[in-house]
Q: 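One structure, as structure tokens, below. Some questions next.
Order of the sequence lines sets the chain letters (A, B, ...), proteins ahead of strands, with each chain counted from 1.
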Amino acid sequence: MQLEKIYEPGRFEPRWAQWWVESGIYHAKHEPGKPVFSLVIPPPNVTGVLHMGHMLEHTEIDVTVRWHRMRGDCVLWLPGMDHAGIATQMVVARQLAEQGINFRDLGREKFEETVWKWKAESGGMIMRQMVQLGASCDWSRERFTLDAGLSRAVRETFVRLYEKGLIYRGEYMVNWCPGCKTAISDLESQHEETAGHLWHIRYKVVGSDRYLVVATTRPETLLGDSAVAINANDERYLDLHGGKVHLPLMDREIPIILDDLADPEFGTGVVKITPAHDLNDFEAGKRHNLPRLQVIDTNAQIMPSGGKYAGLDRMAARKRVVEDLQALGLLDRVENYVVNLSKCQRCKTIVEPLISKQWFVSTKSLAAKAIAAVDEKRIEIVPEAWVKTWNEWMHNIRDWCISRQLWWGHRIPAWYCDACDEVVVSRTDPTSCLQCAGPLRQDADVLDTWFSSGLWPFSTLGWPDQTEDLKHFYPTSLLITGFDILFFWVARMAMLGIECMGEVPFRQVYIHGLVRDADKQKMSKTKGNVVDPLVETEKNGTDAVRMALLTGAAPGTDIVFTSERVESSRSFANKIWNAARFLFMNMERCGVDPWMAADVNTYLPAADAPVEDRWIFSRLNECAKEMNRAIETFRYHEAAQCVWRFFWHEFCDWYVELKKLRFVEGSGLNDDWRNLLAVFESALRLLHPVMPFLTEELWHRLGAADNASISLTSYPQFDPARFDSAAEREIGILQEIVTAARNLRADLGLDPKQPLEGLISGNADILAVAAGQSVAIQRLAGLTVQAGETPKTGAVRSTAEFTLAINVPAGQMEAQRRRLEKEREQLEKNIVSSRRQLSDDVFLGKAPAKVVDSIRAKLADYEVQLAKINESLAG
RNA sequence: GGGCGCGUAGCUCAGUUGGUUAGAGCGCCUGCUUCACACGCAGGAGGCCCGGGGUUCGAGUCCCUGCGCGCCCACCA
């Protein structure tokens, strides 16, 4: 029954982690009549390894989920992973390359097999790590975006949207990543300001000696120019409209056109138009019906259409073009210029805008519904500040390019007939062309990974089948995720959920902050400042890391992760451990067996029980009130701090200390023990969502059945009737007397072991407590105190309600004098400000009576205290 | 170019709807091996709440402005 002397979480955390999974206690059941709380995990990449961001997210989810479960809700936390198209393909292709194999040589089928094999062997690291960390999810419902069921959902969605005209195929300018060799979406191309140049190039006007000087950041695209544009209001060049310029290096003549794209204020006011390699130019080209001359290919190399530059990489070509222009005297000048480069999110390669035939989702109408959902609070976003960002993005949304030139992913369910150009989009694989019965060839591309994760809240529940799970758990109650995937994922889920299900995918979205290192830096592999959660949990315990993350997790703020915070959290766990150990030691001494109240929810000490028992239950009740409110509103930092304060500074510091007086050898299980053990058990339940391992361990040591779990008990609830004002008042006075005595001892520099004798004066309440709690006061402050007339001077300590005096040699008074003088100064300030307010008629007229009364009461207190201090100092 | 957030004790940060003596953890100082815990106990020092203006009886909290940071979005060469 004894607890081990040292708190070593490593001794029991793995055991519980394993048991929570193997026992299947977190398997979600359909329980009619019970409130449902369902939540799907933001599926981590199958290639991923758990980092602190995951740990924070999973901790917040786990706290919330455990809390709901203890509240008696029917809880589902569905785990799973994302196949992560590009990322996974890259990982496996790289591994193959290390063996000297080019993945393309393998062929599609063989490559896909290789990826599946890789997944089986080394994918899904994160799921195993989550088990270690005790995530209380329902592993029987684990899903993967490429599962057969989810793939069917993807296909169903694609076909449906296609049939509604919301998915279309077309030739447009897309972001092309020459590194990944695929089109990517706008979101996947990230802007980065980079030092570059603005080259000013002379284009000779045909039939004239004049030159038009054109400014460009990409001289190599000159090879594909179709025109130069001037502004219709720009009188400098108006006379040239309708003419032509000679395109340098290419020996072509191109027209001079009028277009608003040319800004008279920028550069020279003349802009070159390259419809095939720039989005603006593409649009301008459409307006003026200009030829789209592609000169850069999908490898970012110059094509034969680029003349003598063919075969050069775009950067090499740039260098050569500039050199050649210079040699020809056509380089007017070069300015330094900050360019906004688009780079591939995945491989950081500079994105090349290319015209390409791709599949798109038409987003305008979907976005409108997503905006309305948030607007009408069918989806609540917390913190609310994100709503603005949400709306901003939704209002400016552009169609979503969803086809990817990859092999790993959901293949696009579209087939082409080469004979008659028919396109077949179908739920089942067609065998031949519906028009001409000719052979069909399936689209080679796969879908953007985010297309399948966009279906996650319902595809994981069995949709398109109307499963029991779907009926029971959709819409999900809450989504907890990071802002980095607000658009990639949350926005897409909202749009696709509303479209496919006719109902939002989640009622609430809580956006958590970023985990940063001790220097407030983002954790990143390249910076080398990542803290591995598993290393950290091994060192200090999972509970300590959870607590450390939660204490800093205020809504709307980033979380600074420091080892100091983990260490102090471990200290907290250690404190709880030792409090338990102390209880067990005394239980043995008193002949008490492990015991738990049968009626945990209603257990209360008797009305005539010792005041500390009634007091701690009252405090527990207040803590429960705050905990429930805090977790419900995602104020995890408050929840963590609240239970910390209660357990350490109320339960341990005061309650256990007072209880020491009641341990009677051989007493057996009496009411004193029942009260103590009942409140300890409740406190464990209160703490459980935050520190699941420690609480499960101690709860079992308290005598829980082997097959029971604290996580399946009930969460302490607030009941206003449980507030015990008499007990709060009495213990409050006791604390003040004890503190006053300790202050005197510290001020006077007295030996901590020297017993003190004192007198106390005050009202009847105070004297009653001083008399009734004399043993406790002696124990906690080493002071024997009696009621009596206290001297005005000497070693006295006063509050508004009482004066405590002890007998000491006069020579030791100096420190106390300094303290009193300081207090007097503060009191005088307070009195002045209180009096000023109370003499202000406007204040009295406008401030609520409650505020005025409280100031009056305070002023009276100040004045009593000041009088006492003045008397003391006079002596 | 648009939008968002932050600036509070030496450090990292709390501070829900404005209510008058601004809190915590760590660090620091003093004392303590008090029969669970030195991962501890008791006590303490430390703050023009970034500057300026305004609203209000009352502002760390609301508004404007300046300064200093950080982030997101964006097809101007």
Q: Along nucleotides 39-47 of chain B, 5' to 3', which nucleotides get a B, which get an S, and which get a -, given that the test is a protein heavy-atom distance under 4.0 Å?
A: BSSSSSSS-

Q: Can you give one letter per nucleotide of nucleotides 5-17 of chain B, 5' to 3': B if a protein heavy atom sits under 4.0 Å from the base, S if only from the sugar-phosphate, - if neither?
A: -------SSSS--

Q: Looking only at side-chain N and O atoms, does A/Gln837 offer a donor or acceptor that is under 3.5 Å from a partner on A/Ser834?
A: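 Not at all, the side chains of A/Ser834 and A/Gln837 share no donor-acceptor pair under 3.5 Å.
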
Q: Taking pairing as Watson-Crick or G-U wobble with both contacts under 3.5 Å, can you name the mate of B/C71, or confirm there isn't one?
A: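 Pairing partner: B/G3.
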
Q: Can you tell me if A/Asn391 and A/His395 form a side-chain donor-acceptor pair at under 3.5 Å?
A: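 Checked: A/Asn391/A/His395 side chains show no N/O donor-acceptor pair below 3.5 Å.
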
Q: Between the side chains of A/Gln826 and A/Asn830, is a donor N or O closer than 3.5 angstrom to an acceptor N or O?
A: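 The criterion, which ignores hydrogens and geometry beyond distance, is satisfied for A/Asn830 and A/Gln826.
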
Q: Could you identify which residues of residues 836-844 of chain A place a heavy atom less than 4.0 Å from some atom of RNA chain B, listed by residue number, or say none?
A: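 Within residues 836-844 of chain A, the residues near RNA chain B are A/Gln837, A/Asp840, A/Val842, A/Phe843.
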
Q: In Watson-Crick or G-U wobble terms, both distances under 3.5 Å, what is the partner of B/G10?
A: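 Partner of B/G10: B/C26.
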
Q: Do the side chains of A/Ile371 and A/Val374 get nearer than 4.5 Å, heavy atoms only?
A: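 They are not in contact (no side-chain heavy atoms under 4.5 Å apart), so the answer is no.
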
Q: For residues 271-288 of chain A, which residues have at least one heavy atom under 4.0 Å from RNA chain B?
A: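 A/Val271, A/Leu279, A/Asn280, in order of number.
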
Q: Rounded to the Å, how far apart are A/Arg856 CZ and B/U20 C1'?
A: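 Answer to the nearest Å: 15 Å.
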
Q: Identify the two heavy atoms, one from A/Thr216 and one from A/Lys272, that lie closest to each other, and give their separation to 0.1 Å.
A: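 Answer, listing the atom of A/Thr216 first, then A/Lys272: OG1-CE, 3.6 Å.
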
Q: Check whether A/Phe582 forms a cation-pi arrangement with A/Lys659 (NZ or CZ under 6.0 Å from the six-membered ring centre, at most 45° off the ring normal).
A: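 No cation-pi geometry.
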
Q: Using the C1' atoms only, state how far B/U55 lies from B/U8, rounded to an integer number of Å.
A: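 Nearest-Å result for B/U8 against B/U55 at atom C1': 23 Å.
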
Q: Looking at every strand, decide which applies to A/Lys5 at a 4.0 Å heavy-atom threshold: base, sugar-phosphate, or nothing.
A: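 A/Lys5: backbone/sugar contact only, no base atoms under 4.0 Å.
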
Q: Using residues 549-559 of chain A as the side-chain source, report each donor-acceptor pair under 3.5 Å to any protein atom, sequence neighbours left out, with the distance given to one decimal.
A:
from     : atom 1 : to       : atom 2 : distance (Å)
A/Thr551 : OG1    : A/Met547 : O      : 3.2
A/Thr551 : OG1    : A/Ala548 : O      : 3.1
A/Thr551 : OG1    : A/Arg565 : NH1    : 3.4
A/Thr557 : OG1    : A/Ala554 : O      : 2.7
A/Asp558 : OD1    : A/Leu514 : N      : 3.0
A/Asp558 : OD2    : A/Arg516 : NE     : 2.6
A/Asp558 : OD2    : A/Arg516 : NH2    : 3.1

Q: Please tabulate the protein-to-nucleotide N/O contacts below 3.5 Å involving nucleotides 70-74 of chain B, giving atom names and distances.
A:
from  : atom 1 : to       : atom 2 : distance (Å)
B/A74 : N6     : A/Asn340 : ND2    : 2.9
B/A74 : N1     : A/Asn340 : ND2    : 3.4

Q: Provide the Watson-Crick or G-U wobble partner of B/G19, both distances under 3.5 Å; none if there is no partner.
A: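 Partner of B/G19: B/C57.
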
Q: Taking CD1 from A/Ile201 and P from B/A77, how many angstroms apart are they, rounded to a whole number?
A: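 Checked: the CD1 to P distance equals 15 Å.
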
Q: Separation of A/Ile184 atom CD1 from B/C75 atom P, in whole Å?
A: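 These atoms are roughly 13 Å apart.
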
